Amino acid sequence: MTIPYLVLVPNFDLSTRNTLALKAQSRWGVLLDDADQVPALFELAKDRRLPLRVLGGGSNVVLSSDFDGITAIMATRGRRVISEDEDHVVLEAAAGDTWHDFVVWTVEQGFGGIENLAGIPGTVGAAPVQNIGAYGVEVADVFESLLAFDTLENSLRTFTARDCAFAYRDSVFKHEPGRYVVMSLRLRLPRPWQPNLRFAGLSELSELPEIAPSTVMDRVLYLRGSKLPDWRVTPNAGSFFQNPIVTLEEAAPVLAAFPTAPNFPQADGRTKLSAGWLIEQSGLKGFRMGRAGISERHALVVINLGEADAGDIASLAEHVKATVKARFGIVLHEEPVFL
Ligand SMILES: Cc1cc2nc3c(=O)[nH]c(=O)nc-3n(C[C@H](O)[C@H](O)[C@H](O)COP(=O)(O)OP(=O)(O)OC[C@H]3O[C@@H](n4cnc5c(N)ncnc54)[C@H](O)[C@@H]3O)c2cc1C
């Protein structure tokens with residue numbers, strides 16, 4: 001067996017590796033472009049007693065300025081068709097593959113099912129971690145299985161959907177942070193393709209005489225571009241707060257004061273409120289605090305106004321949470337992971 005080659009870069013700059021563009025550095029950094037490097041790296045980190053964390057595209061993290069350990073960037077690539085029949089096609093992609101490129105590839109192959117998830121930044125490996133979702137579709141809806149390295153057991157493990165315990169922007173991987181490294185993901189896309197056009201902005205596509213996955217993808221990309229600030233121009237981490245799922249009792253004061261407030265009844269009897277709406281109604285859209293602020297285009301998006309660090313982002317997030325709590329009695333939770 002050949003020993004995987006690992007190049008550890010000292011004082012590894014992460015400022016261009018997170019979409020919030022926070023100034024951040026890791027004592028060591030390494031790009032993992034071969035799946036065999038993963039167990040070898042964990043062995044090395046254990047030997048050297050260094051903390052180790054894994055990053056994909058850095059689009060759902062708030063990075064601390066200095067990390068005294070190893071930051072591993074998943075950079076494995078590759079996608080393939082595993083099997084196909086009349087009812088399904090099963091596809092696999094490597095964890096380091098760019099999620100959006102994978103979506104485009106599926107659409108180009110004529111496979112529909114994840115076109116609503118086009119344009120989400122980041123990697124394939126991180127997609128199941130927070131069960132990414134947009135325009136009425138979640139990764140959990142088309143999930144087949146994933147392969148992960150279990151750093152505790154030092155072995156590879158295949159996860160079914162049940163093992164992953166998917167929920168709204170949640171999975172087992174969020175509850176045992178750092179334990180598993182997702183190596184590859186398999187999706188099962190149903191045939192024939194049925195477009196999911198339930199979400200506002202997509203429904204008018206149903207009036208077209210003909211529609212293909214690419215039609216939906218193009219529309220989704222247009223809608224995303226018209227609503228969200230581009231992180232390359234205005235650094236951000238997408239939706240900064242999860243939509244709170246609350247009991248009807250908790251929602252009552254909001255709905256009594258604002259009967260038309262957006263709310264989405266859930267199967268368990270609770271209801272999902274819109275975090276963006278709550279923030280906007282609290283007068284915080286466009287609010288600025290030091291080197292961080294809330295986007296003027298979208299109240300759910302925290303932006304780096306330039307030179308911000310994790311502390312600036314955390315202070316702003318606390319202010320938003322306290323303001324919304326005082327105004328509506330609703331507790332918001334951050335979506336990105338503070339690392
Ligand atoms: C402009 C913008 C728009 C966005 N829109 C959406 C949206 O519509 N819907 C949505 O759900 N999200 C959205 N996001 C959030 C983000 O893109 C997703 O959460 C994405 O899946 C994160 O991928 P990443 O590779 O950048 O993960 P990172 O930010 O690098 O990591 C996120 C977490 O996952 C862990 N992780 C990363 N890779 C692995 C791996 N291989 N194995 C185990 N753990 C891993 C990290 O340790 C970290 O805890 C948006 C973000 C931005 C900036």
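When a ligand or atom number is given, it counts from 1 through the structure's own listing order. Here the structure is a predicted model, which is why all the values come from computation and not from measurement.
Looking only at protein heavy atoms, the nearest one to atom 12 (N) of ligand 1 is Gln130 NE2, 3.1 Å. At the shortest separation from atom 22 (C) of ligand 1 among protein heavy atoms lies Ser59 OG, 3.2 Å. The protein non-hydrogen atom at the shortest distance from atom 13 (C) of ligand 1 is Ile120 CG2, 3.7 Å. Of all protein heavy atoms, the one closest to atom 3 (C) of ligand 1 is Arg224 NH2, 3.4 Å. If you check which protein heavy atom lies closest to atom 30 (O) of ligand 1, you get Gly56 N, 2.7 Å. The nearest heavy-atom contact from the protein to atom 20 (C) of ligand 1 is Pro121 O, 3.5 Å. When only non-hydrogen protein atoms are considered, atom 28 (P) of ligand 1 lies nearest to Gly58 N, 3.6 Å. The protein atom (non-hydrogen) at minimum distance from atom 9 (N) of ligand 1 is Gly133 O, 2.8 Å.
In this structure, the side chains of Arg191 and Glu86 stay at 4.5 Å or more apart for every pair of heavy atoms. At a threshold of 4.5 Å between non-hydrogen side-chain atoms, the residues Ile294 and Ile303 do not count as touching. Arg53 places a side-chain heavy atom less than 4.5 Å from the side chain of Phe67. Side chains of Met74 and Val54 form a contact here, defined as non-hydrogen atoms less than 4.5 Å apart.
Residue Tyr180 approaches ligand 1 through these ligand atoms, each under 4.0 Å from one of its heavy atoms: 43 (C). Within ligand 1, counting atoms from 1 as listed, the ones closer than 4.0 Å to a heavy atom of Ala126 are 21 (O), 22 (C), 23 (O), 24 (P), 25 (O), 27 (O), 37 (C), 38 (N). Heavy-atom contacts of Val54 reach the following atoms of ligand 1: 39 (C), 46 (C), 47 (O) (cutoff under 4.0 Å). Under a 4.0 Å criterion applied to the non-hydrogen atoms of Met74, ligand 1 contributes the atoms 41 (N). The ligand atoms of ligand 1 that sit less than 4.0 angstrom from a heavy atom of Gly122 are 23 (O), 24 (P), 25 (O), 26 (O). Less than 4.0 angstrom separates some heavy atom of Val181 from each of these atoms of ligand 1: 42 (N), 43 (C). Of all atoms in ligand 1, listed by their number and element, those nearer than 4.0 Å to a heavy atom of Leu55 are 30 (O). Taking every heavy atom of Ala134 and a limit of under 4.0 angstrom, the matching atoms of ligand 1 come to 8 (O).
Between the choices Leu228, Thr234, Asn236, the shortest heavy-atom distance to atom 1 (C) of ligand 1 belongs to Asn236. Summarising the contacts of atom 48 (C) of ligand 1 with Ile73, Thr98, Thr19, Val61, the nearest heavy atom is found in Val61.
Heavy atoms of Met183 stay at 4.0 angstrom or farther from ligand 1. Using a 4.0 angstrom heavy-atom cutoff, Arg169 counts as in contact with ligand 1.
Geometrically, ligand 1 and Trp231 share no nitrogen or oxygen pair separated by less than 3.5 Å. Residue Leu339 has no nitrogen or oxygen atom sitting less than 3.5 Å from a nitrogen or oxygen atom of ligand 1, judged on distance alone. At least one N or O atom of Asn60 sits closer than 3.5 Å to an N or O atom of ligand 1.
For the pair Lys321 and Phe241, the cation does not sit on the ring face, since its NZ or CZ is not both under 6.0 Å from the ring centre and inside 45° of the axis. Cation-pi geometry between Arg157 and Phe159 is met: the NZ or CZ atom falls under 6.0 Å from the ring centre, inside 45° of the normal.
Looking at Val129 against ligand 1, only its side chain comes within 4.0 Å, counting heavy atoms.
With a 6.0 Å radius and a threshold of 12 heavy atoms from other residues, nucleotides or ligands, Lys174 has its NZ atom above the threshold.
In this structure, Trp105 and Phe102 have parallel ring planes: the angle between them is below the 30° cut-off, well short of the 60° mark.
Connection of Leu187 to Met217 is established within a shared hydrophobic cluster, with ILVMFWY side chains joined at heavy-atom distances below 4.5 Å, either directly or through further cluster members. In this structure, Val124 is a member of the same hydrophobic cluster as Leu117, with clusters built from ILVMFWY side-chain heavy atoms closer than 4.5 Å.
Aromatic pair Trp277/Phe258: ring centres closer than 6.0 Å.
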Donor-acceptor pairs under 3.5 Å, side chain of residues 198-206 to any protein atom, not counting sequence neighbours: which ones?
{"unit_1": "Glu204", "atom_1": "OE2", "unit_2": "Arg219", "atom_2": "NH2", "d": "3.1"}
{"unit_1": "Ser206", "atom_1": "OG", "unit_2": "Ser203", "atom_2": "O", "d": "2.6"}

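Residues in residues 9-57 take part in these ring pair (Phe, Tyr, Trp, His ring centres under 6.0 Å) pairs, two or more places apart or across chains: Phe42-Phe149.
Side-chain contact, His175 with Asp170: a donor N or O sits under 3.5 Å from an acceptor N or O.
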